[in-house]
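This report concerns only the one structure given below.
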Amino acid sequence: LYFAGRIPTFVEVGDVQLVPPRDWHLMAYAQELSTGPRIHMRYALDYLRAGGSQAAVKALALTADQYCAGAGSDADMDEALAVLADLNLLADSGVRHCRRRAQALRFSGDVMG
């Protein structure tokens, strides 16, 4: 229905802007995917990337933050930072995640990390 032009991509009632049905469904599916394994959270980011509303952008930033926080290895962190860069969120939260990772490595005995 969306591609047939029957589902609105922008919904406004009076002065209040509502979440369009398409973005609402993208956000609901992404939320469900985020509760699963790490690879599913990566898929959730791809779904949220397709959204265009402010609510979808906020959900994208939150899910990207959770994705980076769940990095368990250096390779996972490198991949998570690449995703942040691809989403243009690296400047907002990349430094915070790098510092969090370095602190976790120091606490585990890896002084060079």
Side-chain angles (χ1 to χ4, degrees):
L1 288 174
Y2 170 73
F3 294 108
R6 298 187 190 268
I7 296 179
T9 58
F10 182 76
V11 178
E12 189 173 301
V13 176
D15 291 337
V16 179
Q17 183 178 355
L18 302 174
V19 177
R22 177 178 176 266
D23 286 0
W24 186 87
H25 286 283
L26 288 172
M27 291 174 5
Y29 192 54
Q31 185 178 14
E32 184 178 326
L33 284 171
S34 295
T35 61
R38 184 170 172 77
I39 188 70
H40 289 178
M41 190 174 289
R42 177 66 176 95
Y43 297 148
L45 289 171
D46 290 334
Y47 275 99
L48 291 170
R49 178 185 290 187
S53 66
Q54 284 293 80
V57 171
K58 287 179 185 177
L60 176 65
L62 179 64
T63 305
D65 191 50
Q66 292 172 349
Y67 182 71
C68 290
S73 67
D74 289 341
D76 286 346
M77 182 55 80
D78 286 342
E79 197 263 337
L81 291 175
V83 169
L84 283 180
D86 191 37
L87 297 172
N88 292 328
L89 296 173
L90 190 59
D92 296 334
S93 59
V95 173
R96 182 170 30 99
H97 288 294
C98 286
R99 287 184 179 155
R100 185 184 308 161
R101 177 73 179 152
Q103 186 177 23
L105 288 172
R106 270 188 253 118
F107 284 146
S108 68
D110 185 0
V111 180
M112 298 299 288

Which residue pairs pass the salt bridge (Lys or Arg N to Asp or Glu O under 4.0 Å) test when at least one of the two sits in residues 52-67, sequence neighbours left out?
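Output for this query lists D65-R96.
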In sequence, state the C-alpha distance, the side-chain angles, and the governing distance for Y29 and H25, and then conclude on side-chain contact (heavy atoms from CB on, under 4.5 Å).
CA-CA 6 Å; Y29 192 54; H25 286 283; over 6 Å; no
Sequence neighbours left out, what passes side-chain contact (heavy atoms from CB on, under 4.5 Å) with A82? Give chain and number order.
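For A82, no residue satisfies side-chain contact (heavy atoms from CB on, under 4.5 Å) once neighbours in sequence are set aside.
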Hphob cluster co-occupancy, I39 + V83, side-chain heavy atoms under 4.5 angstrom
no
Verify same cluster id: L89, M27 (apolar side-chain graph, 4.5 Å)
yes
G51 backbone acceptor or donor facing R22 side chain under 3.5 Å
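No, because the side chain of R22 does not come within donor-acceptor range (under 3.5 Å) of the backbone of G51.
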Counting N and O atoms only, with roles assigned by atom type, does the side chain of D23 sit under 3.5 Å from a partner on the main chain of S53, one being a donor and the other an acceptor?
yes
Least distance between heavy atoms, [X] atom then [Y] atom:
X	Y	value
G70	R38	C-NH1, 3.5 Å
A59	L48	O-CD1, 3.6 Å
Q66	M41	C-SD, 3.8 Å
A64	L45	N-CD2, 3.4 Å
C68	L84	SG-CD1, 3.3 Å
D86	R49	OD2-NH2, 2.7 Å

Just checking Q54: does its CD atom have more than 12 heavy atoms from other residues, nucleotides or ligands closer to it than 6.0 angstrom?
no
After noting the C-alpha distance and the side-chain angles of Q31 and Y47, does the key distance pass the side chain to side chain donor-acceptor pair (under 3.5 Å) rule?
CA-CA 10 Å; Q31 185 178 14; Y47 275 99; over 6 Å; no
Quick one: pull up CG in L26 and CG in L60 and give me the separation to the nearest 0.5 Å.
11.0 Å
Interatomic distance, OG1@T63 vs CG@D46, rounded to 0.5 Å, equals 11.5 Å
